[in-house]
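Order of listing sets the numbers, starting from 1, for every ligand and every atom in it. Sequential numbering from 1 along the given sequence is applied to the chain's residues. Owing to the predicted nature of the structure, the values given are computational and were not obtained by experimental measurement.
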Amino acid sequence: MPRYDIISIFPDYFAALDISLVGKARAAGLVDIAVHDLRDHAEGVHKSVDDTPYGGGAGMVMSPEPWGRGIDQLSQSSQLHDLVVLTPAGKKFNQKMAQELSECEHLIFACGRYEGIDHRVTQFYMAQSNFRVHEVSIGDYVLNGGEVATLVMLEAIIRLIPGVLGNPDSLVEESHTLIVDGESIVEYPSYTKPASWRDLSVPEVLLSGNHGAIKAYREAEAVKRTKSRE
Ligand code: JCE
């Protein structure tokens, strides 16, 4: 079973992982998730995890020592560890990366705060032969920390683990949906009952039972969406 360790100064963010599809996957023993408080690895009366930036500038930077102790404690086994460091400067997360990470047996998510983590943490683990380090951004906007980005990534990753989605048809169908620029997934619009709602009717072809016509209609709609979005 794949294992996902998360290190954060706000472990309460991850209560969401007890809910819905991810919560069920954990309860079914399909994935193992553990959340760790970075402050457990801080020293001194104040259990400080940050300090002023070398070279000056606004805000605070997370000190490397608690991160080193926290990550070391989670990587005692002989296996390969994939360390995900969330940062707005990272490689953009997409469906392909979700697929690749869903094949990893041990992911460690480092959720920074403030202005981020001392860069030597990334440097150090990149040089370890039992680690692969991934600096990842979930999009071109600035969050206050890596917690929400980790929740996004885990949701996208865990639904790809075999057995997690009750109905594997939905994954087969996804593989048929349009992928633009090698990543963007564009789908056709969906409808359910009632056939008419607030004067808006469901496109006739979807009620026709003509599966060839339905497939052609959906592909045409998917292409339209692709061309109209920014
Ligand atoms: C984070 C911060 C750098 C200023 C740790 C932001 C990821 N796609 C993403 N957007 N934002 C993040 C992200 C991830 C981790 C951290 N910050 C805030 N970072 C410059 C502010 C701290």
Undergrad: Below 4.0 angstrom from a heavy atom of Glu115, which ligand 1 atoms are there? Numbered from 1 as shown, please.
TA: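 Those qualifying, in numeric order: 3 (C), 4 (C), 20 (C).
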
Undergrad: Using a strict 4.0 Å cut-off to heavy atoms of Gly139, name the atoms of ligand 1 that fall inside it.
TA: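 By the 4.0 Å cutoff, the relevant atoms are 8 (N).
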
Undergrad: Do the side chains of Glu221 and Arg218 get close enough for a salt bridge, i.e. N-O under 4.0 angstrom?
TA: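 Not counted as a salt bridge, because no side-chain N and carboxylate O are separated by less than 4.0 Å.
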
Undergrad: Please confirm whether the backbone N or O of Val22 pairs with a side-chain atom of Ser20, one donor and one acceptor, at under 3.5 Å?
TA: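 Checking the backbone N and O of Val22 against the side chain of Ser20, no donor-acceptor pair under 3.5 Å is found.
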
Undergrad: Please write down residue, atom name and distance for the protein heavy atom closest to atom 15 (C) of ligand 1.
TA: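 Closest protein heavy atom to atom 15 (C) of ligand 1: Leu86 O, 3.2 Å.
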
Undergrad: Under 3.5 Å between some N or O of ligand 1 and some N or O of Gly146?
TA: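 No; every N/O pair is 3.5 Å or more apart.
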
Undergrad: Is the side chain of Arg159 donor-acceptor paired with the backbone N or O of Leu165 at a distance under 3.5 Å, no angle test?
TA: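 The answer is no, because no donor-acceptor pair under 3.5 Å joins these two groups.
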
Undergrad: As an exercise, identify every atom of ligand 1 less than 4.0 angstrom from a heavy atom of Val142.
TA: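 Checking each atom against Val142, I get 10 (N), 11 (N), 21 (C).
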
Undergrad: NE2 of His81 to CG of Leu107: how many Å apart, nearest 0.5 Å?
TA: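 Those atoms lie 11.5 Å apart.
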
Undergrad: Checking a contact table here: which protein heavy atom is nearest atom 11 (N) of ligand 1, and how many Å away?
TA: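 Minimum-distance protein heavy atom for atom 11 (N) of ligand 1 reads Leu143 N, 3.0 Å.
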
Undergrad: Ignoring hydrogens and geometry, is there a side-chain-to-backbone donor-acceptor pair from Tyr125 to Gly68 under 3.5 Å?
TA: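 Yes, Tyr125 side chain to Gly68 backbone: donor-acceptor pair under 3.5 Å.
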
Undergrad: Going by the order shown, which atoms of ligand 1 are within less than 4.0 Å of some heavy atom of Tyr114?
TA: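 Answer, ordered by atom number: 2 (C), 17 (N), 18 (C), 21 (C), 22 (C).
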
Undergrad: Give the numbers and elements of all ligand 1 atoms closer than 4.0 Å to a heavy atom of Tyr141.
TA: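 Reading through ligand 1 atom by atom, the close ones are 8 (N), 9 (C), 10 (N), 11 (N).
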
Undergrad: Which bit of Ala149 is near ligand 1, meaning a heavy atom under 4.0 Å away: side chain, backbone, both or neither?
TA: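 Neither; nothing of Ala149 gets under 4.0 Å from ligand 1.
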
Undergrad: How far is atom 12 (C) of ligand 1 from its nearest protein heavy atom, and which residue and atom is that?
TA: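 Answer for atom 12 (C) of ligand 1: Pro88 CD, 3.6 Å.
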
Undergrad: At under 4.0 Å between heavy atoms, is it the side chain or the backbone of Thr87 that contacts ligand 1, or both, or neither?
TA: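 Only the backbone of Thr87 comes within reach of ligand 1.
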
Undergrad: So does Glu65 get a backbone contact from the side chain of Ser63, meaning a donor-acceptor N/O pair under 3.5 Å?
TA: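 A pair under 3.5 Å: no.
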
Undergrad: Any chance you could measure Ile158, atom CD1, to Leu101, atom CG, to the nearest 0.5 Å?
TA: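 Those atoms lie 11.5 Å apart.
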
Undergrad: Could you give the distance from OG1 (Thr122) to CD (Glu135), rounded to the nearest 0.5 Å?
TA: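 Going from the OG1 atom of Thr122 to the CD atom of Glu135 covers 4.5 Å.
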
Undergrad: Less than 3.5 Å between some nitrogen or oxygen of Gly112 and one of ligand 1, yes or no?
TA: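 Between Gly112 and ligand 1, no N or O pair is found under 3.5 Å apart.
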
